[in-house]
Amino acid sequence: MAAAMVAAHPGAAVTQDDQSNAHAQASSPGNETQYRDEALDWFVRLQAATNDPAVRRNFRAWSESDPRRAAAFAEVAALWGEPEFLKAAENVAEATRPANATRKRRRNVTTAATAILLLWGATHASDIMLWARADYMTATGEQRAISLPDGSRMILNTASAVAVNFTDSSRAVHVLEGQVFFDVARDTARPFVVDGNYSRVSVTGTAFDVHLENNVDDVALARGQVAVSRLAQPSDHTDLAPGEAVNVGPATMASVRAIDTASAFAWVEGRITFDQQPFGHVLKQLQRYYGGRVVVWNSALQGTAVSGSYKLDDPALAIRSLAEAAGAKVTTLPGVIILR
């Protein structure tokens, strides 16, 4: 695989032939995949030989031979966000750009940096607000089991948050973010009520989960019975039996659907299980547990049917294994997995 080849020779010496080949290849038609593959190889070489002037000279020859190569390297460097490599790409681009264009680019960079800082502030303000409201939270990739005062138990999945309000006459939990599994102790005098963004679930003793995603609340039942209603219109309600689930949105409640409980609740046991599911769908689920970025350059992967069962304690390994099983080439950089 290309990723293995790159990793095995990160510090390989670059000869004059490499430099000549770079210019020769530039004269023939290329595609984005070719340039990205070359850029990944150079990225790893530069990482392993930061003080080797010969490697840097040959890198400049490669990148200056075709603007598409410089652009591909800038894209790869940006994925990781390493300033040294971003600067290398910027230097190459600026060396071949007129002075007025360089000044314009600097203004654009300043504007972009300002926008990023504003976005960072808005994002972290949201995190702080969530932290202030939540009684329990999990980070990306973390799962946490909580014992409640009444003997009930809840398990917070990755990147989840809840607020708990128990009194002598009521048991209430608000799922603020993510996905939470509830194993509720029976108490007919105090119904256990769970609110999501759009749904309310009322039970006396049962096991179910609530998942906030894609502008809907998804409620799935493992055992017992639950009553699900829409917060904005309580008369819009339904009952679930074991092995059933329902989506509740801001304006409507979907029809009840059957689910495979072994697959739906596998995450409670620290696994993800799927059978003949589109690769893109499974990848989206795995990315919830992975703190880095996953970039898919091979669009044909998205619809490939995959089956398997993976532990969630190492999501990066699960993503790489799944991608390789689907026929993808995998390149792993710190904080980034690239699928080709």
Stepwise side chain to side chain contact (heavy atoms under 4.5 Å, CB included) check, Val180 with Ile155: CA-CA 6 Å; Val180 185; Ile155 301 176; over 6 Å; no
Between [X] and [Y], is there a donor-acceptor pair closer than 3.5 Å when you use the side chain of the first and the backbone of the second?
{"X": "Arg271", "Y": "Ser309", "value": "yes"}
{"X": "Ser152", "Y": "Leu148", "value": "no"}
{"X": "Ser321", "Y": "Ala318", "value": "no"}
{"X": "Asp217", "Y": "Asn197", "value": "yes"}

Are [X] and [Y] connected, step by step, through hydrophobic side chains (Ile, Leu, Val, Met, Phe, Trp, Tyr) whose heavy atoms are closer than 4.5 Å?
{"X": "Val203", "Y": "Val164", "value": "yes"}
{"X": "Val193", "Y": "Val246", "value": "no"}
{"X": "Met154", "Y": "Leu212", "value": "yes"}
{"X": "Phe166", "Y": "Val175", "value": "yes"}
{"X": "Ile259", "Y": "Val256", "value": "no"}

Which atom names give the shortest non-hydrogen contact between [X] and [Y], and what distance separates them?
{"X": "Tyr198", "Y": "Val248", "answer": "O-CG1, 3.6 Å"}
{"X": "Ser199", "Y": "Val219", "answer": "OG-CG2, 4.2 Å"}
{"X": "Val173", "Y": "Val162", "answer": "CG1-CB, 4.1 Å"}
{"X": "Asp275", "Y": "Ser307", "answer": "OD1-OG, 3.1 Å"}
{"X": "Leu286", "Y": "Ile319", "answer": "CB-CG1, 3.9 Å"}
{"X": "Thr206", "Y": "Gly224", "answer": "OG1-CA, 3.4 Å"}

4.5 Å side-chain heavy-atom contact, [X] and [Y]:
{"X": "Val184", "Y": "Phe208", "answer": "yes"}
{"X": "Leu240", "Y": "Val228", "answer": "yes"}
{"X": "Pro250", "Y": "Asn215", "answer": "yes"}
{"X": "Arg69", "Y": "Glu38", "answer": "yes"}
{"X": "Phe182", "Y": "Val194", "answer": "yes"}
{"X": "Tyr290", "Y": "Ile337", "answer": "yes"}
{"X": "Glu177", "Y": "Leu130", "answer": "yes"}

Does Asp314 have any salt bridge (charged side-chain N to carboxylate O under 4.0 Å, His left out) partners at least two apart in sequence or in another chain, and if so, which?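 For Asp314, no residue satisfies salt bridge (charged side-chain N to carboxylate O under 4.0 Å, His left out) once neighbours in sequence are set aside.
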Residues which pass salt bridge (charged side-chain N to carboxylate O under 4.0 Å, His left out) with Lys311, listed by chain and number, not counting sequence neighbours: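 Here the qualifying residues are Asp313.
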Out of curiosity, [X] [atom1] to [Y] [atom2], how far, rounded to the nearest 0.5 Å?
{"X": "Lys284", "Y": "Gln302", "atom1": "NZ", "atom2": "CD", "value": "11.0 Å"}
{"X": "Asp41", "Y": "Phe73", "atom1": "CG", "atom2": "CZ", "value": "11.0 Å"}
{"X": "Trp42", "Y": "Trp62", "atom1": "CH2", "atom2": "CH2", "value": "8.0 Å"}
{"X": "Thr304", "Y": "Asn298", "atom1": "OG1", "atom2": "CG", "value": "7.5 Å"}
{"X": "Gln287", "Y": "Arg293", "atom1": "CD", "atom2": "CZ", "value": "10.0 Å"}
{"X": "Leu231", "Y": "Gln233", "atom1": "CG", "atom2": "CD", "value": "11.0 Å"}

Which residue pairs pass the salt bridge (Lys or Arg N to Asp or Glu O under 4.0 Å) test with at least one member in [range], sequence neighbours excluded?
{"range": "residues 136-156", "result": "Asp150-Arg171"}
{"range": "residues 231-246", "result": "Arg230-Asp236"}
{"range": "residues 194-208", "result": "Asp195-Arg200"}

Cut-off 3.5 Å, side chains only: do Gln179 and Arg288 have a donor facing an acceptor?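 Note: Gln179 and Arg288 side chains meet the donor-acceptor criterion.
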For Tyr35 and Arg68, test the side chains for any donor-to-acceptor distance below 3.5 angstrom and give the result as yes or no.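 The criterion, which ignores hydrogens and geometry beyond distance, is satisfied for Arg68 and Tyr35.
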Of Thr158, Asn157, Thr140, the one forming a side-chain hydrogen bond (donor to acceptor under 3.5 Å, both in side chains) with Tyr289 is Asn157
Could you go through His174 and Arg133, starting from their C-alpha distance and side-chain angles, then the distance that decides it, and tell me whether this counts as side chain to side chain contact (heavy atoms under 4.5 Å, CB included)? CA-CA 10 Å; His174 188 180; Arg133 295 173 62 198; 3.7 Å; yes
Would you check, one step at a time, whether the test side-chain hydrogen bond (donor to acceptor under 3.5 Å, both in side chains) holds for Ser169 with Arg190? CA-CA 6 Å; Ser169 59; Arg190 288 194 305 165; over 6 Å; no
Applying side chain to side chain contact (heavy atoms under 4.5 Å, CB included), run through Trp297 and Leu339 and close with a yes or a no. CA-CA 6 Å; Trp297 282 344; Leu339 310 180; over 6 Å; no
List the steps and the verdict of side chain to side chain contact (heavy atoms under 4.5 Å, CB included) for Ile146 and Leu156. CA-CA 8 Å; Ile146 306 293; Leu156 278 66; 4.2 Å; yes
Under the side chain to side chain donor-acceptor pair (under 3.5 Å) test, which residues partner [X], sequence neighbours left out?
{"X": "Ser160", "answer": "none"}
{"X": "Tyr310", "answer": "none"}
{"X": "Asp135", "answer": "none"}
{"X": "Asp183", "answer": "Arg223"}

Across all chains, not counting sequence neighbours, the ring-ring contact (aromatic ring centres under 6.0 Å, His included) partners of Phe265 are Phe181
Going by ring-ring contact (aromatic ring centres under 6.0 Å, His included), name the residues that satisfy it together with Phe279, two or more places apart in sequence or in a different chain.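 Here no residue qualifies.
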Pair listing, side chain to side chain donor-acceptor pair (under 3.5 Å) test, anchored in residues 248-269, at least two apart: Asp209-Trp267, Asp218-Arg257
